[in-house]
Protein chains: 2
Amino acid sequence: MGHHSGSARERIIDAAERVVIEFGAGHLTFDAVALKAGLSRGGLLYHFPDKEALLKAMLDRLMERMKMRRAKKRAELAEGTEREIVAHVLSSLEKPEEVDKAARARTAAILASGAHDPGLLAPAKEEYRKLMDELTENGLRFERAAVIAIATDGLRLLELLSVSPFDKDERRRIVGELISLAKEEKKAP
Amino acid sequence: MGHHSGSARERIIDAAERVVIEFGAGHLTFDAVALKAGLSRGGLLYHFPDKEALLKAMLDRLMERMKMRRAKKRAELAEGTEREIVAHVLSSLEKPEEVDKAARARTAAILASGAHDPGLLAPAKEEYRKLMDELTENGLRFERAAVIAIATDGLRLLELLSVSPFDKDERRRIVGELISLAKEEKKAP
DNA sequence: GTCTATATCAAGATAGAC
DNA sequence: GTCTATCTTGATATAGAC
């Protein structure tokens, strides 16, 4: 099925994510993407016949990569109740946002799709439900898992919207608190 | 300063918020807003000469109303370390999202501004910083306050993007967990 | 203060050459 | 597979009548 990596499709999706990050979800146009990807509108439209196709591809790759990153992180962690949720937090927030362009890029697809057609986000909702199931699989209490998950994704969204007021050190402490909250659950009565 | 309530400006901002909620931030057009507000494009442009003016007005009203709702909630709560943060959580999430159109509307302005021009969100960032200062004023530990705040706002954003997978009961339990996390801090060693 | 034009432009999408 | 050219629409914004 898949083509060689570094394919035109991949390069175009990369470009689209960068457009959203630099100019905002409302400025994801074929023109801007073509410019960033280094090809013409026509060439771009050969790969993605319309905007919906591009957004769906962005979302699909986003979800795929998030799962991969989480799996990779989980493999580095010791077993335990909190293993899944810690993998989720760290795979999303481990690196400071200025550095982790990939993480910002991931969230970009969500905002761009929401701006264009909220209906496109239905699959993302299903994925989020599955994520919650996995997070609680090892016995972690649902409420605690949910709070940590929405805090993690909330911080990502706030950062992408440039509303997050936290500096690097504060952010590091917040991530630490999220991890603590996950581990605390083990010792609960 | 202010004009009578129910003024044209207010009705237009109401309409704009509803457009974002129903069709997504990318479909906030003068046409759509004029239609919802029950006047013509020309009439609308008399009040808001360009889109930036409309978005700024939406953001200003959003921040003003959030502060008012929080203050009102705080007045109902007993004094204590966690008073401010509990007021924040409840004023944002108390009512289920289907019911609380006002709460969704508030978040709408953020997404719409972010889509149009991320620079417009600079004042929102300052407000968020001030909010964090107030939340920790009573002695609540910064990390805990921040986690609860980003979880609260994260859930709001996920709901507005239709990505939140939680049903009414799960949501109620999540809000309960946020309150517990605020109160727990009192008993810490 | 609200309306109806209308000018202008940006963006999505198609067709066909190379 | 990529390009240029073109069609078409929809959105911002202006001008001026009522």
Side-chain angles (χ1 to χ4, degrees), chain A residues 1-20 22-59 108-109 111-120, chain B residues 1-20 22-59 108-109 111-120:
Chain A
M1 293 282 151
H3 297 283
H4 38 60
S5 87
S7 68
R9 276 182 68 94
E10 295 296 311
R11 280 188 297 109
I12 290 168
I13 298 177
D14 287 339
E17 288 177 342
R18 275 183 291 143
V19 168
V20 175
E22 283 180 40
F23 307 109
H27 294 86
L28 182 69
T29 65
F30 284 131
D31 253 324
V33 174
L35 187 70
K36 272 245 189 278
L39 83 176
S40 70
R41 248 206 316 279
L44 195 165
L45 286 166
Y46 170 79
H47 296 281
F48 301 99
D50 55 26
K51 211 165 174 185
E52 196 176 313
L54 175 58
L55 289 168
K56 277 184 177 161
M58 289 173 76
L59 274 177
L111 284 187
S113 300
H116 182 74
D117 175 9
L120 293 175
Chain B
M1 297 276 152
H3 296 283
H4 36 58
S5 86
S7 69
R9 276 183 68 93
E10 295 296 311
R11 281 188 298 108
I12 290 168
I13 298 177
D14 288 339
E17 288 176 342
R18 276 183 291 142
V19 168
V20 175
E22 284 180 41
F23 308 109
H27 294 85
L28 182 68
T29 65
F30 284 132
D31 253 324
V33 174
L35 187 71
K36 271 242 189 279
L39 84 174
S40 70
R41 247 203 320 276
L44 196 164
L45 286 166
Y46 169 79
H47 296 280
F48 301 99
D50 56 26
K51 212 166 173 185
E52 195 175 312
L54 175 59
L55 289 168
K56 277 185 176 160
M58 289 173 76
L59 274 177
L111 284 187
S113 300
H116 182 74
D117 175 10
L120 293 175

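Proteins get letters first, then strands, A, B, ... in listed order; numbering begins at 1 in each.
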Grab the two heavy atoms, one from A115(B) and one from H27(A), that are nearest each other, plus how far apart they are.
-> O-ND1, 3.6 Å
Round to the nearest Å and state the distance from L28(B) atom CG to dG10(D) atom P.
-> 17 Å
Taking all heavy atoms of L55(A) and all of A112(A), pick out the closest pair and write down the distance.
-> CD2-CB, 3.9 Å
Nearest whole angstrom, please: distance from the C1' of dG12(C) to the CG of D117(A).
-> 15 Å
Can you give one letter per nucleotide of nucleotides 13-18 of chain C, 5' to 3': B if a protein heavy atom sits under 4.0 Å from the base, S if only from the sugar-phosphate, - if neither?
-> BB----
How many Å lie between NE2 on H27(A) and P on dA11(D), as a whole number?
-> 15 Å
Would you find a donor on one side and an acceptor on the other, under 3.5 Å apart, between the side chain of K51(A) and the backbone of L28(A)?
-> yes
Does H47(B) make a side-chain N or O approach to OP1 or OP2 of dT2(C) shorter than 4.0 Å?
-> yes
Spacing between F48(B) atom CZ and dT12(D) atom P, to the nearest angstrom | 14 Å
Sugar-phosphate only, base, or nothing, as touched by T29(A) at under 4.0 Å among non-hydrogen atoms = sugar-phosphate
Begin from the C-alpha positions of R18(A) and E22(A) and carry the test salt bridge (Lys or Arg N to Asp or Glu O under 4.0 Å) through to its verdict.
-> CA-CA 6 Å; R18(A) 275 183 291 143; E22(A) 283 180 40; 5.4 Å; no
Could you tell me whether the phosphate oxygens of dG1(C), OP1 or OP2, come under 4.0 Å of any side-chain nitrogen or oxygen in Y46(B)?
-> yes
Rounded distance in Å - CG (L39(B)) to C1' (dT4(C)) | 13 Å
For the helix from dG1(C)-dC18(D) to dC18(C)-dG1(D), measure the angle between the helix axis at one end and the axis at the other, each built from five pairs, rounding to 10°.
-> 10°
State, to 0.1 Å, how close F23(A) and P118(B) come at their nearest heavy-atom pair, and which atoms those are.
-> O-CD, 3.7 Å
